*Asks:* 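Mind looking over this structure? Questions follow.
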Amino acid sequence: MANPVSRNTLLSALEEIRRHQMKKFLLHRLFCVAMLPENTQSGEVIAFHEHLFQRIAKFHLGEPVSGVLLIYPSCILHILESSSGTLYHILKELAATENQEPEPFLRDVKILVMSHNIPTKLFSQWYATAVDVPETLEDVTQTQTTEEVITECLTLILKLGVYLATLKVGSKGLGDCLHSVVPELLIPLETIKYLCKAEECMRPQEFLDMYSNPLQPIMDSGTRSPFLLEKRGQSACPEQTFPPGKQKQIRVAHSRSPVCMKPSRTSCLGFHHWAL
């Protein structure tokens, strides 16, 4: 008998690439913002996130978290790099934090971007630093759309990551000097506050709900065709009706691929493919 011909598959090729890259997990990068309670110290914010990462590491095996946490006087900008499971548990904790009583430690948490399957990490470890950026008189958010504001923020964040990669940072972290060394790479305080209030951006719970939705709705026998119902502006449930123009957006909402914008508003589906 002739020897069977061995054939390479796409899966085996991808696994071989990951073996050469020494990657145990696929990496993803998460960008988010949040508001802080009044008079919150930067040490409290750092301790909160350190304990969060430690709790998750005790029961979930995943890629260690890397990234940078920028602590403003009243809000934060957080970039996280890790495996999908670790980021999923972080988002669950953030969603639970928003419901704390009497006052949540983090509120108005919004997800800006989720970059999938990034080739390499931008940050060698997790850093945290306080930044003192004065408020400016010029507010560009009044003349730009949310999508344009996020695009400019991503550009500055990635440039900041490249700059941090050139630094020799010790175990004590970055120190509180970024606002004096590279002020042009820091996002203005007004922009962070604006994004925390932006209705187009998803909260952690909304992100998780969309992520957990099935890729396709279950088609039981006797159920009317969703395609025909969408053409008529109806849903599979007789008591629920969608307004005209929403049918395409509703189909996007059932996608398992996480996006940063709500499907009912301006979409930034292209952003989640950004990688450096």
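For clarity, every value in this text was computed on a predicted model and none was experimentally measured. All values below come from the heavy atoms of this structure, side chains included, with hydrogens, waters and symmetry mates left out.
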*Asks:* Nearest 0.5 angstrom please: F105 CZ to Q100 CD, how far?
*Replies:* 9.0 Å
*Asks:* I'd like to check L160 versus L70 (side-chain heavy atoms, cut-off strictly below 4.5 Å). Are they in contact?
*Replies:* yes
*Asks:* Run the side chain to side chain contact (heavy atoms under 4.5 Å, CB included) check on V162 and L158 step by step: do they pass?
*Replies:* CA-CA 6 Å; V162 173; L158 294 177; 5.7 Å; no
*Asks:* So do I187 and L195 actually touch side chain to side chain, heavy atoms under 4.5 Å?
*Replies:* no
*Asks:* Looking at C201 and I111, what are the two nearest heavy atoms and their distance?
*Replies:* CB-O, 3.7 Å
*Asks:* Nearest 0.5 Å, what's the CD1-CG distance between I157 and L185?
*Replies:* 11.0 Å
*Asks:* Taking CD in E38 as the centre, count heavy atoms belonging to other residues, nucleotides or ligands within less than 6.0 Å. Is the count above 12?
*Replies:* no
*Asks:* Less than 4.5 Å apart, any side-chain heavy atom of F31 and any of S115?
*Replies:* yes
*Asks:* Please answer: with hydrophobic residues joined when any side-chain heavy atoms are less than 4.5 Å apart, are L94 and M210 in the same cluster?
*Replies:* yes
*Asks:* Quick one: CG on L208 to CE on M202, what's the gap to the nearest 0.5 Å?
*Replies:* 10.5 Å
*Asks:* Taking all atoms of both residues into account, what is the closest heavy-atom pair of S66 and S124, and its distance?
*Replies:* CB-C, 4.4 Å
*Asks:* Could I get the full list of salt bridge (charged side-chain N to carboxylate O under 4.0 Å, His left out) partners for R55, not counting sequence neighbours?
*Replies:* E93
*Asks:* Going by ring-ring contact (aromatic ring centres under 6.0 Å, His included), name the residues that satisfy it together with H89, two or more places apart in sequence or in a different chain.
*Replies:* F59, H60
*Asks:* For S74 versus K193, what's the shortest heavy-atom pair and its separation?
*Replies:* OG-CE, 3.2 Å
*Asks:* Y72 versus L36: any side-chain heavy-atom pair under 4.5 Å?
*Replies:* no
*Asks:* Using a 6.0 Å cut-off, check whether atom CD of Q41 has over 12 heavy atoms from anything other than its own residue.
*Replies:* no
*Asks:* Over 60° means perpendicular and under 30° means parallel, so classify the ring planes of Y211 and F207, tilted if in between.
*Replies:* parallel
*Asks:* To check you understand the geometry: which heavy-atom pair defines the closest contact between E63 and S82, and what is its length?
*Replies:* O-OG, 2.6 Å
*Asks:* Side-chain heavy atoms under 4.5 angstrom apart, residues restricted to Ile, Leu, Val, Met, Phe, Trp, Tyr: same cluster for I56 and V45?
*Replies:* yes
*Asks:* Indicate yes or no: at least one non-hydrogen side-chain atom of K121 is less than 4.5 angstrom from one of L27.
*Replies:* yes
*Asks:* Roughly how far apart are I150 CD1 and E152 CD, rounded to 0.5 Å?
*Replies:* 11.5 Å
*Asks:* Is I71 close to I46 at the side-chain level, that is, under 4.5 Å between some pair of heavy atoms?
*Replies:* yes
*Asks:* Would you please classify the geometry between the H28 ring and the H116 ring as parallel, tilted or perpendicular, with 30° and 60° separating the classes?
*Replies:* perpendicular
*Asks:* Can you tell if the side chain of L91 reaches within under 4.5 Å of the side chain of L30, non-hydrogen atoms only?
*Replies:* yes
*Asks:* Could you tell me which non-hydrogen atom of R203 sits nearest to which non-hydrogen atom of E98, and how far apart they are?
*Replies:* NH1-OE2, 2.9 Å
*Asks:* Do I90 and V65 make a side-chain contact, defined as non-hydrogen atoms from C-beta onward lying under 4.5 Å apart?
*Replies:* yes
*Asks:* Rounded to the nearest 0.5 Å, how far does SG of C32 lie from CG of L87?
*Replies:* 9.5 Å
*Asks:* Verify side chain to side chain contact (heavy atoms under 4.5 Å, CB included) between H49 and I76, making sure each step is shown before the conclusion.
*Replies:* CA-CA 12 Å; H49 287 90; I76 63 171; 4.1 Å; yes
*Asks:* Going by the rule side-chain hydrogen bond (donor to acceptor under 3.5 Å, both in side chains), which residues pair with S83 if we only count those two or more places apart in sequence or in a different chain?
*Replies:* T86
*Asks:* Going from SG on C75 to NZ on K110, what distance comes out if it is rounded to the nearest 0.5 angstrom?
*Replies:* 13.0 Å
*Asks:* Closest heavy-atom contact between T146 and E200?
*Replies:* OG1-OE1, 3.3 Å
*Asks:* If hydrophobic clusters are built from ILVMFWY residues whose side chains come within less than 4.5 Å, do L122 and I79 share one?
*Replies:* yes
*Asks:* If we check side chain to side chain contact (heavy atoms under 4.5 Å, CB included) with L186, which of these qualifies: V131, L156, I192, T191?
*Replies:* V131
